[in-house]
Enquirer: 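Have a look at the structure that comes next, please.
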Protein chains: 2
Amino acid sequence: MSTLSPNLSAIPSLRVSCSHCNLREHCVPLGLSLRDIDRLEDLIASRKRIHRGEPLFRAGDRFEAIYAIRLGFLKSSVMSSDGREQVTNFHMSGELIGLDGIANEVHSCDVIALEDTEVCVIPYERILAACSEIEDYNLHFQKILSREIVRQHGLMLLLGSMHAEERLAAFLLNLSQRFESRGYSRTEFVLRMTRAEIGSYLGLKLETVSRVLSRFSHDRLIAVNQKHVHIIDAEGLRAIVSGQNPEEIIEE
Amino acid sequence: MSTLSPNLSAIPSLRVSCSHCNLREHCVPLGLSLRDIDRLEDLIASRKRIHRGEPLFRAGDRFEAIYAIRLGFLKSSVMSSDGREQVTNFHMSGELIGLDGIANEVHSCDVIALEDTEVCVIPYERILAACSEIEDYNLHFQKILSREIVRQHGLMLLLGSMHAEERLAAFLLNLSQRFESRGYSRTEFVLRMTRAEIGSYLGLKLETVSRVLSRFSHDRLIAVNQKHVHIIDAEGLRAIVSGQNPEEIIEE
DNA sequence: CGTTTGTTTGAGGTATGTCAAACTGCGTGG
DNA sequence: CCACGCAGTTTGACATACCTCAAACAAACG
């Protein structure tokens, strides 16, 4: 792996332009020079489509590549020995998947597409090669890994010490922020996952998720219609996250 | 940072021998050649002692180094904006601390010594230098980061879907296994942390921790005397973790 | 030895889980 | 195109695991 896939440009349909990809700021957060960004394109071996409901990979699969989401929506989950599932993350465009596989050369979680999805396949050897060939790519990739660690700290805080309402409020605000940073509306979006999957992610049962969403809806913080969510009072949600549960409005 | 601290060997008291360190298999899990292990010693700038109760670093501190624990015991914790603390990990000898800081060049959690502790200070620039200079060190360090991600997945499973008894049983078995792999007894050890800290880590209140430990003690799974724990029936604990709650023994 | 910090245990409350039933929207096939 | 079935959601009634508050106890610490 001394040169980076010199032959790929021969296959135009597979050739990807990172420098023109509007997801660039997500995959390549560091201030790389344009010249280096061009070289990043060589990391990508191919693209892959996954249909709704299908796995990108499963726990136990051999780890070979990191995936960058071009478009779509997926969930990661781990299973306990006795079959309980815990959703560990929801992924949207621009995010990287598969970092867990580096540890043992085997994936430790399932990743399932929640809608039809397309990913860039980045063979891990190429990432290692880039680390030694591209100035600063080392630091760049370590930051990506570290960022995931920090993200999970936040999730542990949520799971370990927040109430159902706080968890849901934090969840909605997080989604909102991520949609916004991708150019979508931060106030209206569609939940790609079921109530049960939200519940698993937040350490709650689906009935609790449903009830809390109904309560938010009743309190005019959001409007929910099935999967469609409209955030009406983001400030109110933020207040809930930080425990500022305001005096309850007297029920009529 | 092209050469690795050539002047440090002039300070014998600070000179550390990784190759003779009995924690080597923890800090250096990869099968590095002896020659490379020798070079690892150059990573360490100094050692640092932290007294019980004192911080190694705090959230917001500038990130400069990774720390390898030579001996002692510490906790990591994150705080929510409204002051709730979540313990995210307990650390013992041979483990690396500070990986969270890579992401933003600032630490995102507090690390406090729970007993007098001594750590090796490994400036992060030296790690980056090693990544480009030592064959395979790149992969090695990325594995360390990925392993932390995988570990946290397990913790999320615990926090999101396990009962108090299962959490405690998993916690005790995890400690037991880590003590054993360091050459200590896997059946008798001292808890360095308070019930409140265990509770924070496991998403429980200290009273619940205390009650569950008492129940385990009553059921002859363990013997507890304050901080001292004796694991009597590891198999029984394992059964609890995997949800195999056996028919309750009739209370006398 | 008194004070502080941590632990245990009890009584009672509550948030969330469990079980169940009705409802909705969607896709499939008649 | 309608009807059917299915997967997902909502809502209610009830159960319970865990939390809260409180008091007594134990250990550690100056």
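Lettering of chains follows the sequences in order, A, B, ..., and the numbering in each one begins at 1.
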Enquirer: Distance alone, cut at 3.5 Å: any donor-acceptor contact between the side chains of A:Ser77 and A:Glu85?
Expert: yes

Enquirer: Please report the end-to-end axis angle for the helix from C:dC1-D:dG30 to C:dG30-D:dC1, five pairs per end, rounded to 10 degrees.
Expert: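 That helix has its two terminal axes inclined by roughly 40°.
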
Enquirer: How many Å lie between CE on A:Met193 and C1' on D:dA7, as a whole number?
Expert: 17 Å

Enquirer: Between P on D:dT16 and CD on B:Glu165, what's the gap in Å once rounded to a whole number?
Expert: 15 Å

Enquirer: Looking at every strand, decide which applies to B:Ser210 at a 4.0 Å heavy-atom threshold: base, sugar-phosphate, or nothing.
Expert: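 The residue B:Ser210 makes base contact.
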
Enquirer: B:Leu202 has an atom CG; how far is it from atom C1' of D:dC18, in whole Å?
Expert: 14 Å

Enquirer: Send over the distance from A:His218 NE2 to D:dT10 C1', rounded to a whole Å.
Expert: 15 Å

Enquirer: Any non-hydrogen side-chain atom of B:Gln177 less than 4.5 Å from a side-chain atom of B:Arg186?
Expert: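 SC-SC contact between B:Gln177 and B:Arg186 ruled out.
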
Enquirer: Using a strict 4.0 Å threshold on nitrogen-to-oxygen distance, state whether B:Arg192 and B:Glu197 make a salt bridge.
Expert: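 Looking at B:Arg192 and B:Glu197, the cut-off is not met.
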
Enquirer: With a 3.5 Å cut-off and no angle check, do the side chains of B:Ser242 and A:Asp82 form a donor-acceptor pair?
Expert: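 B:Ser242 vs A:Asp82: no donor-acceptor pair found between side chains.
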
Enquirer: For DNA chain C, note the earliest and the latest nucleotide, 5' to 3', having some atom under 4.0 Å of a heavy atom belonging to chain B.
Expert: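 So the outermost contacting nucleotides come out as C:dT7 to C:dA11.
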
Enquirer: Base, sugar-phosphate, or nothing for B:Gly199, non-hydrogen atoms under 4.0 angstrom?
Expert: nothing

Enquirer: Whole-Å distance between D:dA17 P and A:Leu204 CG?
Expert: 18 Å

Enquirer: Produce a footprint string for nucleotides 20-30 of chain D: one letter per nucleotide, 5' end first; B if the base is under 4.0 Å from any protein heavy atom, S if only the sugar-phosphate is, - if neither.
Expert: BB-----S---

Enquirer: Need one value for B:Leu206: base, sugar-phosphate or nothing, where a base atom within 4.0 Å counts as base even if backbone is also close, heavy atoms only.
Expert: base

Enquirer: Looking at the rings of B:Phe90 and B:Tyr201, which for Trp means the six-membered one, are their centres under 6.0 Å apart?
Expert: yes

Enquirer: If you look at every strand shown and take non-hydrogen atoms under 4.0 Å, does B:Gly53 touch a base, only sugar-phosphate, or nothing?
Expert: nothing

